[in-house]
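The structure under discussion appears below in the form of structure tokens.
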Amino acid sequence: MKKRKLVFATNNANKINEVKALLEACGPEVSERYEVLSLHDIGCFEDIPENSSTFAGNALQKAEYVNVHYDVDCFADDSGLEVRALGMDPGVRSARYAQDEGYDHNSEANNEKLLRKLKRVRDRSAQFRTVIVLLMDGKMQEFEGVCRGEITTERSGSQGFGYDPIFRPSGYDITFAEMSMEEKNAISHRGKAVRALVDYLKEH
Ligand code: IMP
């Protein structure tokens with residue numbers, strides 16, 4: 001059977017592999033129907049604009065760019081950390097949270113800033129959110145995954161990336177950075193959103 005090409009608007013190899021693994025896990029009747037390609041696979045090397053104030057807006061912006069410029073079915077994601085005591089900041093600015101302190105896309109500085117902001121704060125509840133927007137057959141579908149938890153008072157663990165060392169998911173006494181990738185994927189915001197996308201693809 002000829003596979004349908006579906007571009008994931010990212011060049012993050014971990015994200016691509018996660019989607020491929022979840023498609024494989026659905027069995028051959030699904031994985032044999034779709035071929036997931038990265039931006040590099042389709043020759044897209046430009047910086048795709050991403051300047052919306054919402055996760056869904058950013059995901060749509062990226063998916064639309066690829067859809068329009070490369071004429072392919074595609075999906076894009078956007079994620080971030082929302083901290084209740086900070087009015088859901090850093091949100092869409094998660095990767096650039098410490099930019100105002102001279103650090104761009106610097107996880108160490110982002111974690112430092114967040115711990116400082118919460119130093120005297122009792123309500124440390126937070127959540128990670130992922131939104132995926134799929135543009136396929138001229139239709140748009142949105143999928144979301146949320147993982148609730150809290151910000152710890154100090155870093156713990158060395159796995160993962162970003163805010164993982166200071167995020168403890170609800171019901172656990174370890175941070176994301178102390179979990180294996182499989183353990184994290186089973187409960188993470190991205191894992192949930194990707195499984196919702198894969199469930200949709202199963203039916204289409
Ligand atoms: P992205 O949209 O998935 O690239 O995520 C944007 C930013 O949100 C990342 O650079 C991280 O700072 C943060 N982030 C998203 N997901 C995670 C996660 O699973 N662990 C830790 N940080 C994350």
Side-chain angles (χ1 to χ4, degrees), residues 8-19 21-22 38-39 47-63 65-66 74-83 86 88-101 103-118 124-134 142-152 154-170 172 174-197:
F8 188 178
T10 183
N11 279 317
N12 181 323
N14 290 326
K15 290 185 179 180
I16 299 264
N17 288 338
E18 190 182 342
V19 171
L22 279 165
S38 70
L39 289 175
D47 245 345
I48 301 178
E50 193 182 336
N51 47 28
S52 168
S53 59
T54 63
F55 297 123
N58 278 334
L60 176 61
Q61 207 176 2
K62 287 186 273 187
Y65 182 96
V66 175
C74 70
F75 61 95
D77 73 331
D78 195 40
S79 316
L81 179 67
E82 299 174 321
V83 180
L86 301 178
M88 299 318 231
D89 266 359
V92 290
R93 302 200 68 257
S94 291
R96 293 161 278 134
Y97 190 43
Q99 199 174 39
D100 58 340
E101 298 176 358
Y103 300 97
D104 198 14
H105 288 80
N106 182 320
S107 295
E108 188 53 39
N110 291 341
N111 287 342
E112 186 65 39
K113 178 173 176 182
L114 190 54
L115 289 178
R116 203 179 337 115
K117 288 257 181 201
L118 294 180
R124 306 183 70 89
S125 51
Q127 60 190 21
F128 276 116
R129 183 190 300 278
T130 295
V131 175
I132 294 177
V133 169
L134 169 72
E142 205 177 293
F143 310 92
E144 191 176 72
V146 172
C147 180
R148 297 200 167 80
E150 57 183 16
I151 304 302
T152 54
E154 53 188 40
R155 295 171 184 74
S156 220
S158 55
Q159 310 290 314
F161 70 101
Y163 298 92
D164 281 351
I166 59 169
F167 180 81
R168 184 167 49 224
S170 301
Y172 291 78
I174 54 175
T175 66
F176 263 175
E178 293 173 289
M179 294 183 169
S180 67
M181 202 172 72
E182 292 73 28
E183 240 179 318
K184 179 183 165 186
N185 285 346
I187 59 166
S188 79
H189 47 307
R190 200 169 4 265
K192 287 176 185 166
V194 169
R195 282 192 291 279
L197 165 72

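Note that ligands are numbered from 1 as they come in the structure, with each ligand's atoms numbered from 1 the same way. The structure presented is a predicted model; accordingly, all values stated were derived computationally and were not measured.
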Which of the atoms of ligand 1 are close to Gly80, meaning less than 4.0 Å from one of its heavy atoms?
8 (O)
Is the shortest distance from a heavy atom of Gly160 to ligand 1 less than 4.0 Å?
no
NZ/NE/NH1/NH2 to OD/OE distance under 4.0 Å, Asp164 and Lys184
yes
Would you check whether His105 reaches within less than 4.0 Å of ligand 1, judged by its heavy atoms?
no
Mutual orientation of the aromatic rings belonging to Phe176 and His189 [parallel < 30°, tilted 30-60°, perpendicular > 60°]
parallel
Contact between ligand 1 and Phe176 is defined here as a heavy atom of the residue under 4.0 Å from a ligand atom; is it met?
no
Count the heavy atoms of every other residue, nucleotide or ligand shown that sit under 6.0 Å from NZ of Lys15, and state whether that count exceeds 12.
yes
Counting non-hydrogen protein atoms only, what is the nearest one to atom 23 (C) of ligand 1? Give residue, atom name and distance.
Phe128 CE2, 3.4 Å
Going by the order shown, which atoms of ligand 1 are within less than 4.0 Å of some heavy atom of Lys184?
18 (C), 19 (O), 20 (N)
N or O contact, Asn110 vs ligand 1, cut-off under 3.5 Å
no
Below 4.0 angstrom from a heavy atom of Asp78, which ligand 1 atoms are there? Numbered from 1 as shown, please.
2 (O)
For Gln127 and Arg129, which heavy atoms make the closest approach, and how far apart are they?
NE2-NH2, 3.1 Å
Using heavy atoms and a threshold below 4.0 Å, how should the contact between Phe161 and ligand 1 be classified: side chain, backbone, both, or neither?
both
With respect to atom 8 (O) of ligand 1, which of Ala59, Gly162, Ser94 exhibits the smallest heavy-atom separation?
Ser94
So is Asp164 touching ligand 1 or not, going by heavy atoms under 4.0 Å?
yes
So if I count the atoms of ligand 1 from 1 in the order they appear, which ones are less than 4.0 Å from some heavy atom of Lys15?
1 (P), 3 (O), 4 (O)
Classify the ring geometry between Phe128 and Tyr163 as parallel (under 30°), tilted (30 to 60°) or perpendicular (over 60°).
tilted
